[in-house]
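Numbers restart at 1 for each chain; the letters A, B, ... are given by sequence-line order, proteins then strands.
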Amino acid sequence: MKLSTWNVNSLNVRLPQVLACLQADPVDALCLQELKLTDDKFPLAAFEEIGYHAVFTGQKTYNGVAILTRAPAGDVVKNIPGFDDPQQRVIAATLDTEAGPLRVISAYCPNGQSVGSDKYAYKLAWFAALRGWLQEELARHPRLAVLGDYNVAPDDRDVHDPVKWEGSVLVSEPEREAFRGLLSLGLHDAFRLFEQPPKLFSWWDYRQFAFRRNAGLRIDHILLSDTLKAVCSACTIDKAIRKNEQPSDHAPVIATLEI
DNA sequence: ATGGTGGACTTTCCA
């Protein structure tokens with residue numbers, strides 16, 4: 001089976017591309033971030049028409065996450081339990097597989113704006129809360145996959161110009177520490193389980209011809225529990241999607257699991 | 001030097 005994640009930066013604008021993407025590669029679950037729409041505006045019928053189910057939690061203008069699945073999903077949780085937050089950044093759901101239940105989480109981690117800002121403090125607090133919850137989720141679900149936009153480039157291989165970016169938001173050591181804190185629970189960066197081409201990123205700024213210059217960062221990740229790591233056979237970034245007309249600034253990340 | 005682009009929704013916030 002295949003799991004994918006894509007920050008679409010407005011589902012309104014990107015809906016045709018999401019539909020085309022699913023029809024070209026009908027993954028079992030696609031996690032979306034930055035829907036930028038309220039639940040009443042979610043295009044459920046369009047997904048149902050091509051054979052997908054959806055769970056989602058949105059808000060006006062900002063944030064919003066979803067999980068699209070070929071089979072119905074259950075046990076839905078919205079937001080991080082116990083972390084009071086009006087920003088809709090997390091949704092979890094469980095899929096039945098032949099190997100047993102598979103827990104899928106779609107996460108849109110805070111951007112953090114700039115090191116030392118209020119939004120940066122919120123980002124670090126958010127990661128701490130996420131870690132606490134994921135620890136519980138791992139105890140409940142041996143087959144756990146956490147997909148999304150983490151807004152962290154884990155190490156210098158994930159940065160087009162590490163010298164220029166040193167210490168900046170998305171790259172700073174406290175953010176990388178927070179990311180490693182998730183891995184320390186027993187999660188694995190699916191992309192790094194395999195040999196990868198150098199300078200392959202998942203996000204390129206819209207400005208200054210960043211995509212044309214491959215001036216990107218790898219900030220979208222698929223984290224897998226030990227049990228899923230053992231059955232993961234590939235992880236790729238679909239960089240070609242970023243060449244579309246009216247592209248999202250992010251490209252999808254796809255993991256293949258032999259279950 | 002604090003820009004630049006894109007999205008949502010307003011004359012500005014957020015990424």
May I have the distance from A/Asp249 (atom CG) to B/dC14 (atom P), rounded to whole angstrom?
17 Å
Those residues that, when tested against A/Lys229, pass side-chain contact (heavy atoms from CB on, under 4.5 Å) (two or more places apart):
A/His188, A/Leu193
Enumerate the residues from residues 105-120 of chain A whose closest heavy atom to DNA chain B is under 4.0 Å, giving them by residue number; use none for an empty result.
A/Tyr108, A/Asn111, A/Lys119
Protein-nucleotide distance (A/Tyr122, atom OH; B/dC14, atom C1'), rounded to Å
13 Å
What is the distance, to the nearest angstrom, from the CG atom on A/Asn63 to the C1' atom on B/dC13?
12 Å
Looking only at atom C1', what distance separates B/dA15 and B/dT2, rounded to whole Å?
16 Å
Listing request: all ring pair (Phe, Tyr, Trp, His ring centres under 6.0 Å) pairs with a residue in residues 137-156 of chain A, at least two apart in sequence or in separate chains.
A/Tyr150-A/Phe179, A/Tyr150-A/His221
Considering only atom P, compute the distance from B/dT5 to B/dT11 and round it to an integer number of Å.
22 Å
Those residues that, when tested against A/Lys36, pass side-chain contact (heavy atoms from CB on, under 4.5 Å) (two or more places apart):
A/Asn9, A/Ser10, A/Glu34
Side-chain donor-acceptor pairs under 3.5 Å in residues 125-136 of chain A, sequence neighbours left out?
unit_1	atom_1	unit_2	atom_2	d
A/Arg131	NE	A/Gly181	O	2.8
A/Arg131	NH2	A/Ser184	OG	2.9

Co-membership, hydrophobic cluster, residues A/Leu147 and A/Leu95, 4.5 Å side-chain
yes
Show me the pairs that pass side-chain hydrogen bond (donor to acceptor under 3.5 Å, both in side chains) and involve residues 90-101 of chain A, at least two apart or across chains.
A/Thr94-A/Arg103
Scan residues 23-44 of chain A for pairs that pass ring pair (Phe, Tyr, Trp, His ring centres under 6.0 Å), counting only residues two or more places apart or in two chains.
A/Phe42-A/Phe47, A/Phe42-A/Phe56
Contacts of type side chain to side chain donor-acceptor pair (under 3.5 Å), residue A/Ser117, not counting sequence neighbours:
none
Inter-nucleotide C1' distance (B/dC14, B/dG4), Å rounded
15 Å
For the P atoms, the ones on B/dC9 and on B/dG3, what distance do you get once it is rounded to whole angstrom?
24 Å
A/His250 atom NE2 is separated from B/dC14 atom P, nearest whole Å, by 17 Å
Each nucleotide of nucleotides 3-11 of chain B classed B (base within 4.0 Å of a protein heavy atom), S (only sugar-phosphate) or -, in 5' to 3' order, makes -BBSSSS--
